[in-house]
A.B. asks: 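Mind looking over this structure? Questions follow.
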Number of protein chains: 2
Amino acid sequence: MEPENKGIKGSQLKNMIIKRLYFNKAMSCAGLSDLFDKSIPSIAKAVNELMHEGFVVEHGYAPSSGGRRPLMYSVKANAMYILAVALDQLTARIQLFDLQNSPVADMLTFELKLLNNANALTILTNQINSYIKDSGIAKGKIAGIGIGMPGFINVTEGINYTYLDANGSLTAYLTEHTGITTYIDNDSSLIALAEQKFGIAKAQTEVMVINLGWGIGLGMIVNGKLFRGHTGFAGELSHIPLSEDGSLCECGKRGCLEAEASMLVVAQKAIEGIKQGRITSLKHNTNDHSKLMGDALLDAANNGDQFAIELLSDAGYKIGKALAILIHIMNPATIVLSGRGAKVAKILMAPIQQALHKYCIPRLSKGTELLVSELGFDAELIGAAVLVMENFDKSVKAKVSKATKTIA
Amino acid sequence: MEPENKGIKGSQLKNMIIKRLYFNKAMSCAGLSDLFDKSIPSIAKAVNELMHEGFVVEHGYAPSSGGRRPLMYSVKANAMYILAVALDQLTARIQLFDLQNSPVADMLTFELKLLNNANALTILTNQINSYIKDSGIAKGKIAGIGIGMPGFINVTEGINYTYLDANGSLTAYLTEHTGITTYIDNDSSLIALAEQKFGIAKAQTEVMVINLGWGIGLGMIVNGKLFRGHTGFAGELSHIPLSEDGSLCECGKRGCLEAEASMLVVAQKAIEGIKQGRITSLKHNTNDHSKLMGDALLDAANNGDQFAIELLSDAGYKIGKALAILIHIMNPATIVLSGRGAKVAKILMAPIQQALHKYCIPRLSKGTELLVSELGFDAELIGAAVLVMENFDKSVKAKVSKATKTIA
DNA sequence: AATACTTTATTTATATTTTTATAAACTTTA
DNA sequence: TAAAGTTTATAAAAATATAAATAAAGTATT
């Protein structure tokens, strides 16, 4: 075997330490020893090597807990970088982060229609490559590319069955055409990941994150890890049968949550209401599409427009009924309202709670805390970065970097 | 430190091997090496020690897969025993198994009313102790006691908040008063465990098991492990809001699945039907309680009684609607119909499938297989035994046994 | 039938990891 | 304020696990 391969097993622990320090800010050798169930000398050796290799720096002494103060270590922010990409049906965002999740280049936003757009993948690839070039960061310094996007995604194969057809594995295509290991996942899943690692649900192990967008998504954290189900379609909250009647959904059924309470549907109801002469501060030009109205509606509600609030309350109550079902089945510690609609979460809160009181056994609703995202619109980008680091201990990145380091 | 403690870490691997061989029948050193990510010499050493200690025996050669045939090892059936206990509200079952899940003593069944019965715990403890004594098996040879029971259970503390108040930890009480480490869990959870380890859902990682009994329970296997939720109440399928109206449930709400489709409710509907003169082979004496009627109804349905089948079909459709919701959220590989009602599962199957077609997105229902338990009424007892062995690698049992062995 | 290739098992030498002992730095108790 | 107890860190010795080499027992190929 080549000498390069000899170190894989040994560098495994080092990758695990880097990953942990990315998530945990700072830790002591003793803490890492407990966490990984390895002896302190083993940890100390790995940490010292990582310091010489430039991945880890000392981070001062933590307060004593009754004995000698532990020397803390943290990851060196500029040792590596992470490229995060967030896509929705119309828009793409690209942002480069360092290992402390600080942006190291301006965010790039551009229009990218995913549906029926054969050029979308080429455009995205070019934009990523030129963004990296403009940033001045060497590709070898980028730990990976994480991409969040709508659609039905096979994470292990790296395929999105709905958008961005790469004639096989999308991640393989992007890895090849950028030279950087790429990971993809569902947008709602990444938002959940962000909330659990760096957001309002930090360190919780049972978290349900509602992605209130044009649709209604659900990201599930079970046992501290993203849960995707057997074929990757878990969390289809938006199409459970909520009521027998109700308007017809895109999926062909009646009574779906998405057909009753998504921001898009609420916007359409607003347009109808205006046509029927409802008193509201909202205006509607016939050539506006629903998404523009949606954004306007959220702002109007926050500014106290009664009609907008009424529409949102109605949606909130239905969302609450769905959450009651979710609580009964999953018994989560936390439900987080996140995504685009998070900015009207305070208005939604009251009707949601009302529905929970009506439809939940108290013993169950008592065990779940309902929270509003603080990451807001950044959640998906941060989740995309987290996705890269979640896979870091399985990749051989650190080994490669180390190899170049030791030669240099 | 005492010399006894020195071996704990080393015997960890041996306990893991015993546990694996309990679940897997027979494995080779190479297979165990792959599984535990340990070198073959390490595994071989541990296996040889376990053979000398009497826990493991050779199990012949497996067919070649293109090279030297592997020598298989299996656990020695009579090296240890497991005591399984299954309780419902009225009846207790006790059964002693060997390490191949074969009964080594006759099953003991006795009446044990759990509700408002201050003596229940004492009676159970005495029955367990005398059962073991009668079996002639030394207590030191029993790896543990596993108990499945209804109620709201804190597994880690070993407390059942509903029944068998032990003024603290029920498992601690029983461990002390029997001298054998005791574990408890919810009946539906144990049925799920049994189905996943030794039943129709063997080796599946995403399994939902419906416990069709007097109530409707749900045992969830997520990521290959029992899922209990944040406060242990996950899987409350029976009280999700299914319909706006519907009969009033014990829980105080309307439209609960349990109030519409549990075997107890179906039996009550049968009694009402008979009173109203419905044509049926079923008879009803006014002093019969619903549970007797329930058993009779299941048999009548299996014998072709139209009225019984009609009632069950009605229940099946409602169960199907609930399963549709479950599939949307969990996207399981398998749903198993188990418990007392499993014997009419074939009758339930058609209306359940019908409801799934109506309420499920095809993409989701396609990914889930609906199966009927083959373990039937034995599932809970086997699950109780599995519970003991699931905890085996965390216990120090094997070390103790080994110690006594090496002295002898 | 002979050769090449696989997979499994065993032995030995090497590498790694953990224990143990010692020291350092700090808190708590007497 | 001194003594005792904690927690963390480091350096040596001891234990342990692994990799490499070799052997054994089979299948597949020519």
A.B. asks: Between A/Cys29 and B/Arg68, just flag the one whose closest nucleotide in DNA chain D comes earlier from the 5' side.
C.D. replies: A/Cys29

A.B. asks: Write down the distance between CG (B/Leu13) and P (D/dA15), rounded to a whole number of angstrom.
C.D. replies: 20 Å

A.B. asks: Using OP1 and OP2 only, check whether a side-chain N or O of A/Ser42 sits under 4.0 Å from C/dT18.
C.D. replies: yes

A.B. asks: Once you apply a heavy-atom cut-off of 4.0 Å, does A/Ile40 come out as touching a base, just sugar-phosphate, or nothing?
C.D. replies: base

A.B. asks: Any chance you could lay out the ring-ring contact (aromatic ring centres under 6.0 Å, His included) test for A/Tyr22 and A/Phe198, step after step, and finish with the verdict?
C.D. replies: CA-CA 11 Å; A/Tyr22 166 75; A/Phe198 294 106; 5.5 Å; yes

A.B. asks: Please give, in whole Å, the distance from D/dA17 P to A/Asp37 CG?
C.D. replies: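 Rounded to whole Å, this separation is 14 Å.
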
A.B. asks: Could you state the CZ-P distance from B/Phe36 to D/dT16, rounded to the nearest angstrom?
C.D. replies: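 Taking atom P of D/dT16 as the reference, CZ of B/Phe36 is at 19 Å.
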
A.B. asks: Regarding A/Ser39, tell me which of base, sugar-phosphate or nothing describes its non-hydrogen contacts under 4.0 Å with the strands shown.
C.D. replies: base

A.B. asks: Map B/Gly67 and B/Met72 onto DNA chain C by nearest heavy atom, then report which one ends up closer to the 5' terminus.
C.D. replies: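 Whichever sits nearer the 5' end wins; that is B/Gly67.
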
A.B. asks: Starting from C1' on C/dT11, measure out to CG on B/Asn48 and report it in whole angstrom.
C.D. replies: 13 Å

A.B. asks: Enter the distance from A/Leu99:CG to A/Phe23:CZ here, rounded to the nearest 0.5 Å.
C.D. replies: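 A/Leu99 CG to A/Phe23 CZ: 11.0 Å, rounded to 0.5 Å.
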
A.B. asks: Starting at atom NZ of B/Lys45, determine the distance to atom P of C/dT8, rounded to an integer number of angstrom.
C.D. replies: 22 Å

A.B. asks: What is the distance, rounded to the nearest whole Å, between atom CD of A/Glu58 and atom C1' of D/dT8?
C.D. replies: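 Taking atom C1' of D/dT8 as the reference, CD of A/Glu58 is at 14 Å.
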
A.B. asks: Using whole Å, report how far CD of B/Gln12 lies from P of D/dT16.
C.D. replies: 15 Å

A.B. asks: Can you tell me how far CG of B/Leu83 sits from OG1 of B/Thr181, rounded to the nearest 0.5 angstrom?
C.D. replies: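 So the OG1 of B/Thr181 and the CG of B/Leu83 are separated by 12.5 Å.
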
A.B. asks: Where the side chain of A/Leu71 is concerned, which of C/dT17, D/dA9, D/dT7 is the nearest nucleotide?
C.D. replies: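 Of all the options, the side chain of A/Leu71 is nearest to D/dA9.
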
A.B. asks: Run B/Val207 and B/Glu195 through side-chain contact (heavy atoms from CB on, under 4.5 Å) and show every step you take.
C.D. replies: CA-CA 9 Å; B/Val207 185; B/Glu195 296 292 352; 5.5 Å; no

A.B. asks: How long is the span from the CD1 atom in B/Ile18 to the NZ atom in B/Lys76, to the nearest 0.5 Å?
C.D. replies: 12.0 Å

A.B. asks: In whole Å, what is the span from the OH atom of A/Tyr61 to the P atom of C/dT27?
C.D. replies: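 Value for this atom pair: 14 Å.
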
A.B. asks: Below the 4.0 Å mark, does D/dG26 have OP1 or OP2 next to a side-chain nitrogen or oxygen of B/Ser64?
C.D. replies: no

A.B. asks: Counting any heavy atom closer than 4.0 Å, what does A/Lys38 reach on the DNA or RNA strands: base, sugar-phosphate only, or nothing?
C.D. replies: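 If one applies the 4.0 Å heavy-atom cut-off, A/Lys38 turns out to touch the sugar-phosphate alone, with no base involved.
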
A.B. asks: Think B/Arg69 has a side-chain N or O under 4.0 angstrom from the OP1 or OP2 of D/dA25?
C.D. replies: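 For D/dA25, neither OP1 nor OP2 has a side-chain N or O of B/Arg69 closer than 4.0 Å.
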
A.B. asks: Pick base, sugar-phosphate or nothing for B/Pro41, based on heavy-atom distances below 4.0 Å to the nucleic acid.
C.D. replies: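 Base contact.
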
